[in-house]
Amino acid sequence: MKKDTIKNIRKFNRYYTVWLDVINRSYLGTNFSWPESRVLFEIYMYDEISATQLCRHLNMDKSYVSRILAKFEKNGLITRELVPGSKGIKRLRLTDTGIKEAKRIDKNGDEQIIRKLRTMDNETCKKLCEAMTLIEKILRENDNKNTDSEDKPCI
């Protein structure tokens with residue numbers, strides 16, 4: 001791969017993470033970091049997901065996710081329930097408080113995009129979305145070439 005290609009991709013990644021404001025301690029006006037917000041939102045999106053599935057889906061370190069989940073459980077945002085007949089697999093569920101926080105993250109995320117793109121005309125916004133769709137498609141196709149079926153996310 002050409003060095004210019006690598007530099008361009010890394011430059012875009014640096015710009016985009018700053019643009020999304022994911023580096024700050026609290027994300028989207030919440031008391032959560034970006035990884036915490038993402039974990040909470042994923043549990044909201046995939047009701048009864050297990051911690052193992054969550055780690056695979058987000059490609060996050062198990063011990064890091066475990067610490068986040070322990071914090072969520074302590075703060076009354078999630079419960080863990082043993083799946084009957086399983087070998088210790090626990091499903092994660094949001095409490096009412098957890099659902100409220102996940103909905104707040106979702107709403108604030110929508111509002112962030114609306115604020116950031118408020119001056120963009122519809123045609124430019126359409127081009128942006130098409131470019132994002134193309135980026136995702138290309139990256140997913142590449143992932144599928146590089147990943148055998150056991151490593152693929154189960155969601």
Side-chain angles (χ1 to χ4, degrees), residues 1-69 71-72 77-78 80 83 89-94 97-155:
M1 182 174 292
K2 293 181 179 180
K3 284 191 176 211
D4 285 351
T5 301
I6 295 166
K7 286 183 181 191
N8 286 335
I9 290 170
R10 294 188 69 213
K11 179 181 175 187
F12 174 81
N13 289 344
R14 286 190 302 271
Y15 174 78
Y16 193 60
T17 54
V18 170
W19 188 85
L20 279 176
D21 199 29
V22 299
I23 298 172
N24 288 322
R25 186 171 189 91
S26 60
Y27 180 62
L28 295 174
T30 68
N31 293 323
F32 305 113
S33 66
W34 182 81
E36 291 170 338
S37 297
R38 186 62 196 267
V39 167
L40 189 68
F41 191 72
E42 290 296 314
I43 298 168
Y44 175 67
M45 294 298 295
Y46 300 101
D47 190 39
E48 297 190 15
I49 190 171
S50 72
T52 301
Q53 290 171 321
L54 185 64
C55 291
R56 274 192 263 154
H57 183 66
L58 294 175
N59 195 27
M60 287 178 72
D61 178 73
K62 289 178 184 179
S63 60
Y64 186 34
V65 171
S66 180
R67 288 190 301 272
I68 291 172
L69 294 176
K71 176 183 175 182
F72 287 171
L77 300 173
I78 66 164
R80 301 182 211 211
V83 174
I89 296 174
K90 294 182 181 179
R91 298 287 180 197
L92 306 172
R93 289 190 181 190
L94 294 179
T97 303
I99 292 169
K100 180 180 171 187
E101 289 297 327
K103 285 181 177 181
R104 189 171 98 169
I105 290 166
D106 193 25
K107 178 179 175 277
N108 290 357
D110 286 353
E111 290 173 359
Q112 177 195 47
I113 299 302
I114 290 166
R115 265 191 326 276
K116 288 185 171 284
L117 301 182
R118 71 182 178 277
T119 60
M120 188 179 288
D121 63 83
N122 286 337
E123 186 59 31
T124 304
C125 189
K126 181 181 175 189
K127 287 178 186 176
L128 175 66
C129 289
E130 288 170 353
M132 292 173 142
T133 299
L134 178 61
I135 290 168
E136 183 178 352
K137 178 182 182 282
I138 290 169
L139 293 176
R140 284 186 187 276
E141 287 172 357
N142 188 66
D143 282 349
N144 287 336
K145 289 178 189 174
N146 291 325
T147 308
D148 54 54
S149 60
E150 289 182 35
D151 293 334
K152 288 183 184 174
C154 51
I155 293 176

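Counting begins at 1 with the first residue of the sequence. For clarity, every value in this text was computed on a predicted model and none was experimentally measured.
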Original post:
Just by modelled atom types, is the Arg115 backbone N or O under 3.5 Å from a matching donor or acceptor in the Arg118 side chain?
Top reply: yes
Original post:
Ignoring hydrogens and geometry, is there a side-chain-to-backbone donor-acceptor pair from Asp106 to Ala102 under 3.5 Å?
Top reply: no
Report the distance from atom [atom1] of [X] to atom [atom2] of [Y], rounding to the nearest 0.5 Å.
X	Y	atom1	atom2	answer
Glu48	Leu94	CD	CG	11.0 Å
Glu136	Asp143	CD	CG	10.5 Å
Asp61	Arg67	CG	CZ	7.0 Å
Phe32	Ile68	CZ	CD1	10.5 Å
Asn13	Asn8	CG	CG	11.0 Å
Arg93	Ile99	CZ	CD1	10.0 Å

**OP:** Sort out for me which residue in Glu42, Lys62, Met60, Arg38 forms a side-chain contact (heavy atoms from CB on, under 4.5 Å) with Leu54.
**Re:** Glu42
Subject >> Residues Lys103, Lys107; criterion side-chain contact (heavy atoms from CB on, under 4.5 Å); working and verdict >> reply: CA-CA 6 Å; Lys103 285 181 177 181; Lys107 178 179 175 277; over 6 Å; no
**OP:** Decide yes or no for Thr17 and Trp34: does some side-chain heavy atom of the first lie under 4.5 Å from some side-chain heavy atom of the second?
**Re:** no
**OP:** Check whether any side-chain heavy atom of Ile89 sits under 4.5 Å from a side-chain heavy atom of Thr52, and report yes or no.
**Re:** no
Which atoms form the tightest heavy-atom contact between [X] and [Y], and what is the distance?
X	Y	result
Ile105	Thr30	CG1-CG2, 4.0 Å
Leu40	Gly98	CD2-O, 4.2 Å
Asn31	Glu36	O-OE1, 4.2 Å
Gln112	Leu20	NE2-O, 2.7 Å
Ser33	Tyr27	C-CB, 3.9 Å

**OP:** Indicate the ring-plane relationship of Phe12 and Tyr16, choosing parallel, tilted or perpendicular according to the 30° and 60° boundaries.
**Re:** parallel
**OP:** Flag yes if more than 12 heavy atoms outside Lys116 fall under 6.0 Å of its NZ atom; otherwise flag no.
**Re:** yes
Original post:
Got a sec: does the CG of Asp121 have more than 12 other heavy atoms crowding it under 6.0 Å?
Top reply: yes
Original post:
Does the distance from a Lys or Arg side-chain N to an Asp or Glu carboxylate O, for Glu141 and Lys145, drop under 4.0 Å?
Top reply: no
**OP:** Run the salt-bridge test on Glu123 and Lys126 with the 4.0 Å N-O cut-off and return the result as yes or no.
**Re:** no
Subject >> Candidate pair Lys127 and Glu130, rule salt bridge (Lys or Arg N to Asp or Glu O under 4.0 Å), full reasoning >> reply: CA-CA 5 Å; Lys127 287 178 186 176; Glu130 288 170 353; over 6 Å; no
**OP:** Please step through side-chain contact (heavy atoms from CB on, under 4.5 Å) for the pair Thr124 and Leu117, ending with a clear verdict.
**Re:** CA-CA 10 Å; Thr124 304; Leu117 301 182; over 6 Å; no
